[in-house]
Structure formats: structure tokens, C-alpha cells
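Everything on this sheet refers to the single structure shown next.
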Amino acid sequence: MDNEGIVIVGGGMVGAALAVDLGQRGIPVRLLEARPPQMPTADEPPRLRVSALNQRSIEYLQKLTAWPALQSGRVADFDEVLTWDVSGSGRLRFTALELGLERLGVFLENDHLQATLLEIARTLSAVRVDAPVEGLEIESTEDGPRLVIDGEGPLDPALIVAADGGGSPLREAAGIGSWQGDYHQHAVVASVRTNPPAATCTWQRFTPTGPQALLPLAGGDASLVWYVDPARAESLAQLDADAFVRELETAFPEALGLVETLHGRAHFPIRRRHARRYWQGNLVLVGDSAHVIHPLAGQGVNLGLRDARDLASRIAEAHRLGLPSSHPPLLAAYERARRPDNQLMQSTMTAFHYGFTTPLGPLAGLRSVGLRLAGHGGWVKRRVLRYALEGR
């Protein structure tokens, strides 16, 4: 590729969305993805990794023509959010009806959205998709990261976009540091069929050991998320399926019902990270390579899609003006626009984590009062919900 093009490393949901956005604008881009997913089939049970999309993300996917391309039978609307603390009587409830909306958002499998975006990218003449890409090496040089592909040699793009995840080899090769922290918890995730089937309410309750959540999936299935300490996560992982289900049914609220089918389970550590800068030279970071937040509110992919949308519009403006894609004022403006939004959400999720996982005691009553006040907060409550839905 000549030095007029853009190379995106990482074809996950955010990287693939950015490639489609740029490609639809006629801007040359090459997308490199090591492990593209297979598209889920209609009769396949839900996969483990799922995301919540808010209305703003849905609108963006509609603009990219990805929304109508999704399999409707694998997308689940939710119209109610319920949050409470086991230590008190306070409850916080959000509904779509309060805002005059049909829904608050949707849940869908990451693989489903990623595969759909990659399929669209392959149809665009301005986009070259290498998925899977083989033999990609990232070298650290005095001039920044260099991409080398076996049998092809070094690439020389005008701009490299790091969409390669929280561990971002590109960010590390560029020497861009980050602030990071460990919540000392693991998320135990289980994809299940419950009786009664999951409806359209997503709920989350806080316990002394960590939050528990139910995310409704298509067809009445659900994703259960259980935050526990690392030792507990390991012990749960050693249980056979029947014993694991019994633990779920014992630990989760009675309203969960019975777990009829366990489709799959896994666990992973919960950490946070924020890059000290979003760009350097001809490298720019998007999505998890720039920021990783607590998954408590399911806002990670929504933030990443907002990164993609903002960066694509700035690159398009640079092209219109005859400026290079790596024009420093362009990348600086992208960082100024996106950092405060990402930092606010990260700080908010961290505050929720520590505020609701503090051992029970004097704070328990305050948490309960806080939830009750938030639930009756009128315009404050609506403002918070609008931000979660629209990011503004």
C-alpha cells in the first residue's frame, strides 16, 4: 500500500466499523484482522461474548448499513433497567416509557456484529480486508511502530490505526504509556436458558462480594454475569456443569428462576486502562487500545464506536482539505473530543464499583438512600439515562 492509505490493525467491532465508515466515504483503507469470527447460524445457541448497544450506536450502525444486515432473530431489545443493593430497600428503575422510546437498547453477540461489519467491508471497493492476516509483525523503531507482513515486506501507510485491544501491541511498540488498575475481581459469564425465559428487563444487583447481572438475549436466553474474587472464579471454573448451575441458582435472585440449559461459561479478570495519549506520529488509538472500562454498565463498545465515528469524520475532513490522514492537528482534535467522554465513563464505573463493593456497614444505608433518591430524581435521572443512551 502506498503512503496515501490507512491501515487498521484489528478488525473487531470498532476497527471493522471504522473501516466501513472510511470505505463508504471512498477513503482507501486496509483492515488487518488475525482471528475473524464465523457468523453465528440461526439455530446456534448464543455465544458467550455479548455487548449492549445504546440508541446512538444503533443509529451509527444504521448509517453504516450494518443494522439492517444483522439477523433480527439474534438481537434482543431491552426496555427496562433495574438496579438494587441487597443491603437495603432502595431500587433504581429506568424504562423506555419514561423517555417515550420503544427500547433502551439491544443486546447482541460480539461475533455477530463483527462478522456482519467484516462482510460489509469486503463489499467496498475502497477497503481491502485481510482476515485472517498471516505473518504480521509489529516492529518498534525510532520513528514509531512498523508493520511487516511475511512475503510482502513493510507497509508504509499514511496512518496506522490501533484497534488491537486492551493489550495493544501497537500502543506498546509506540511507547505510549497508560494508567491502569486492577479491580481484583473476575467476571464469571454464563450463557443460559432460564425458566421462566428472560424477558426485556436487564437487571443488576450489588452484593458484598460483587455485582450480579442478567442480560436478556434473543429467544428468551440470557447472559449471566457474576463478579467474584479471582479464587472464587477459579473454584467455580472447576465445577462440572450441574454443580455450576446449582451455584448460579443459589447465588442469584429467586426471580432468575431455574437454569434449564447451560450453553457456555468462562471467566476473565476485570481491569481498567487509559492511554496517556491517543496518538503519536502516524499512529492513532481507538476503542480498547485507548481505554478499557469496567463492564458494569456495558458501555465499552458504545465508547469505541463513538471513537470510530469521530475519527472517521475528521479523516474525511482532512481529505476534503487535501491534508494527510496523520495531520497532527487532526489527531489532536480527535483526542480532545474523545478523552473527556471516555474518562468520564471510566471514572463513573470505577466509582460505582468501589461505592457498591465496600463491605457492608455505615455505607450500606447511604447506598440504599442514594438509589431511592436517584429513582425519584426527575430530570437528574432522565439526564443520566440520556447520557447512557446517547453519549451526550
Side-chain angles (χ1 to χ4, degrees), residues 12-13 35-52 71 73-78 82-84 86 106-115 166 182-271 294-298 300-301 357:
M13 294 179 287
R35 293 179 296 277
Q38 293 292 320
M39 179 71 77
T41 59
D43 58 350
E44 180 183 341
R47 298 181 186 177
L48 275 174
R49 295 169 60 239
V50 302
S51 290
Q71 303 173 42
R74 300 193 75 90
V75 178
D77 290 358
F78 66 95
L82 183 62
T83 300
W84 73 98
V86 296
V106 302
F107 288 105
L108 80 172
E109 298 147 284
N110 293 6
D111 285 354
H112 182 196
L113 179 55
Q114 181 186 1
D182 192 327
Y183 291 106
H184 306 292
Q185 280 191 326
H186 279 217
V188 177
V189 180
S191 174
V192 301
R193 166 58 63 108
T194 60
N195 184 12
T200 57
C201 174
T202 177
W203 55 255
Q204 186 161 242
R205 76 167 184 172
F206 294 95
T207 78
T209 59
Q212 300 167 340
L214 178 144
L215 317 179
L217 302 179
D221 288 319
S223 176
L224 302 182
V225 187
W226 187 5
Y227 298 89
V228 296
D229 65 65
R232 176 68 165 143
E234 289 294 339
S235 68
L236 289 169
Q238 300 306 312
L239 299 176
D240 63 31
D242 289 340
F244 178 75
V245 165
R246 287 194 295 271
E247 290 289 335
L248 283 178
E249 292 175 341
T250 300
F252 273 62
E254 289 184 9
L256 173 69
L258 299 177
V259 176
E260 290 190 339
T261 306
L262 175 66
H263 299 305
R265 55 173 164 155
H267 69 92
F268 54 89
I270 304 299
R271 300 188 178 99
H294 197 295
L296 199 61
V301 68
T357 56

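Not measured: the values here are computed from a predicted model.
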Hey, are the side chains of [X] and [Y] touching, using non-hydrogen atoms and a 4.5 Å cut-off?
| X | Y | value |
| --- | --- | --- |
| N110 | P37 | no |
| P216 | T200 | no |
| P46 | S191 | yes |
| L256 | T194 | yes |
| F268 | V189 | yes |
| Q212 | T207 | yes |
| L113 | S51 | no |

Heavy atoms only: give me the nearest [X]-[Y] pair and the separation to one decimal.
| X | Y | answer |
| --- | --- | --- |
| A222 | L217 | C-CD1, 3.7 Å |
| Q38 | R47 | O-NH1, 2.8 Å |
| R193 | G219 | NH2-O, 2.6 Å |
| D182 | R271 | OD2-NE, 3.6 Å |
| V86 | P208 | CG2-CD, 3.8 Å |
| A213 | F252 | O-CE2, 3.7 Å |

request  = Walk me through it: do T202 and F107 pass the test side chain to side chain contact (heavy atoms under 4.5 Å, CB included)?
outcome  = CA-CA 10 Å; T202 177; F107 288 105; 3.8 Å; yes
For [X] and [Y], indicate whether the former's side chain and the latter's backbone hold a donor-acceptor pair under 3.5 Å.
| X | Y | result |
| --- | --- | --- |
| Q204 | W84 | no |
| E44 | T41 | yes |
| Q71 | P40 | yes |
| Q185 | T209 | yes |

Among residues at least two apart in sequence or on other chains, which ones pass ring pair (Phe, Tyr, Trp, His ring centres under 6.0 Å) with [X]?
| X | result |
| --- | --- |
| H267 | H186 |
| F244 | none |
| H112 | none |

query = Hey, mind stepping through R74 and E109 against salt bridge (charged side-chain N to carboxylate O under 4.0 Å, His left out) and telling me if it holds?
reply = CA-CA 8 Å; R74 300 193 75 90; E109 298 147 284; 2.8 Å; yes
query = Considering the options L248, V225, V228, L224, which one meets the side chain to side chain contact (heavy atoms under 4.5 Å, CB included) requirement together with V188?
reply =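 One option only clears the test, and that one is V228.
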Starting at [atom1] of [X], measure out to [atom2] of [Y] and round the result to the nearest 0.5 Å.
| X | Y | atom1 | atom2 | result |
| --- | --- | --- | --- | --- |
| D221 | E260 | CG | CD | 10.0 Å |
| L236 | W226 | CG | CH2 | 5.0 Å |
| L108 | M13 | CG | CE | 8.0 Å |

message = Assess the residue pair Y227 and H184 against the criterion (ring-ring contact (aromatic ring centres under 6.0 Å, His included)); give the C-alpha distance rounded to whole Å, side-chain angles, the decisive distance to 0.1 Å, and a yes or no.
response = CA-CA 10 Å; Y227 298 89; H184 306 292; over 10 Å; no
query = So H263 and T261, side chain to side chain contact (heavy atoms under 4.5 Å, CB included) or not? Walk me through it.
reply = CA-CA 6 Å; H263 299 305; T261 306; 3.7 Å; yes
